[in-house]
Amino acid sequence: MSNLLQIEVAFLRNSEVISALNLQEIRTIQRSITNSKKKKFEQSLALSKHVKTAFDWFKSLEGQRKLSEEGISWTSEDFSKKVFGWQKSFFYKMLKTANVPSEVIEQYNAKADQLGEDSQRSVEELLSFAKEVESGTESVENAPRPQIVLSLVFNHPDGKTTLKIDEAGQVKLTGSNIADAINLIINSINSNQ
Amino acid sequence: MNGIIYQLTGLTRRGEVANYHGKPSPLNHGKTPFREDIAGLKPKQQREAIKFDGQEYSAKFTIGFEIEKNALHRGAVKEYELFCGFERDGSCGYEAVTHILPLLPAGQWRTKVFDMMHKAEKIIDDRFSPSDRRCGGHITIAVDGMDGRELREAIRKNAGIFLALFRKRLQNSYCNSNLRLQNSTDSNFFNGYHHKYQTALVKGNCLEFRIPSKVESVKQLMRRYELFYEVVDFTINNPNGTHATLLKRLKPILLSMYSGDVAKVTEVLKLAEHFKTFILDGTIHEEIRQFI
């Protein structure tokens, strides 16, 4: 909705238009969906805390003693599957979520609130956000992320190389085979002409 | 569930009480075709406890339990994954005998064995199927590549712990002949030699420890399994290991057996040391005299 022109905003505020488009109902349901996404996200956060507490007990001396006493022998993966019914990737995602500092969660929530209905509030998004904050690519003032204008992924046998260039001209390069990637692009274009 | 699933055979006789020695033969549960059952074991444990013949994984050590009871819980006499069958026992009432079980380090496969014990709680636990002092809990072990005599010769130096744990049974004439676990026919067998009522009786490729006392609970049975695994593993895979090292490995199990009573466990460990000396050279320390 932030991409609307002023005239368009005015149009959508017109009572006749609101009525004709049934915008009240739509907005209510959209808010409800956003709220339920938000609620689902908050529940995921709460769940992650409980999962971490449970896993901490599992790893503790007391927990291991209890498992041993009862004749149970579990790896961490067994614990995840048998207690929660989760594959280990999701389980470790929950644990990572529980370890995200509360101030980072607040920043993420504030950013999501700004985006309103467009925000895809989720554990995955939170973890990406937290990673960016940790690596310093996300400022504490919640500056908007510049748009990526060029994105390249090169699967070289020696390892993946990725290149991103944003609209501000910032280059983010990982891997060491960018020269090979560029040569491949040039050769492929030339051979197809 | 991945890996082996122990199932009922459907053989009616396994769920009935047979006359003495009339129960069906035990199955060998010591094999699995599934790598998942051993995947969680450390490489050293896999090498030392498991054999692979290209088709299946076999436990190198096996164990069997006899559980004697005065009475069996009503409605509980039926086939169990754990037991090959039931029979009447003249000395105390009834006996439930397990199949041949793999004797394994902690891991998924061992948990499946414990799961069978858990399912048979109504037979094993005294709360449901009572036992008294007339009842025993013989334990039979076997090691791949060894016969019973070889096993007895190898394990005797580490068997002090069994005499210490079950010291109250050492004056029971059904299990105290050849108390020092001797093989040699030249020996003066302590308490004489009886063809059957020995402390550890050779039965072909197996060795039957007759001194274990009655089984009262599933947890107790699990602890005995764990204890026997440690002693057998130590005997076979650490033949030059010291007795002190063995007792250190057993201590956590003993603490669990004695509900964390450190004083009690310390006493048992001390007795184990004395019984070890007794087994090896016949010396009877003052502290064990009362038991033998």
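Order of the sequence lines sets the chain letters (A, B, ...), proteins ahead of strands, with each chain counted from 1. Remember, it's a predicted structure, so these values are computed and weren't measured experimentally.
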Got a sec: does the CD of A:E62 have more than 12 other heavy atoms crowding it under 6.0 Å? yes
Determine whether more than 12 heavy atoms belonging to other residues, nucleotides or ligands lie under 6.0 Å from atom NE2 of B:H243. yes
Is the number of heavy atoms from other residues, nucleotides or ligands within 6.0 Å of CD (A:E16) greater than 12? no
Can you establish whether the number of heavy atoms outside A:L150 located under 6.0 Å from its atom CG is more than 12? yes
Give a yes or no on whether B:K270 atom NZ has more than 12 heavy-atom contacts from other residues, nucleotides or ligands under 6.0 Å away. no
Members of residues 217-235 of chain B whose heavy atoms come closer than 4.5 Å to chain A: B:K219, B:M222, B:R223, B:E226
Does NZ belonging to A:K40 count more than 12 external heavy atoms closer than 6.0 Å? no
Give me the contact list for residues 67-74 of chain A versus chain B, heavy atoms only, anything under 4.5 Å, ordered by residue number. A:S68, A:E69, A:E70, A:G71, A:I72, A:S73
With a 6.0 Å cut-off (strictly less than), is the heavy-atom count around CD of A:Q87, excluding the residue itself, greater than 12? no
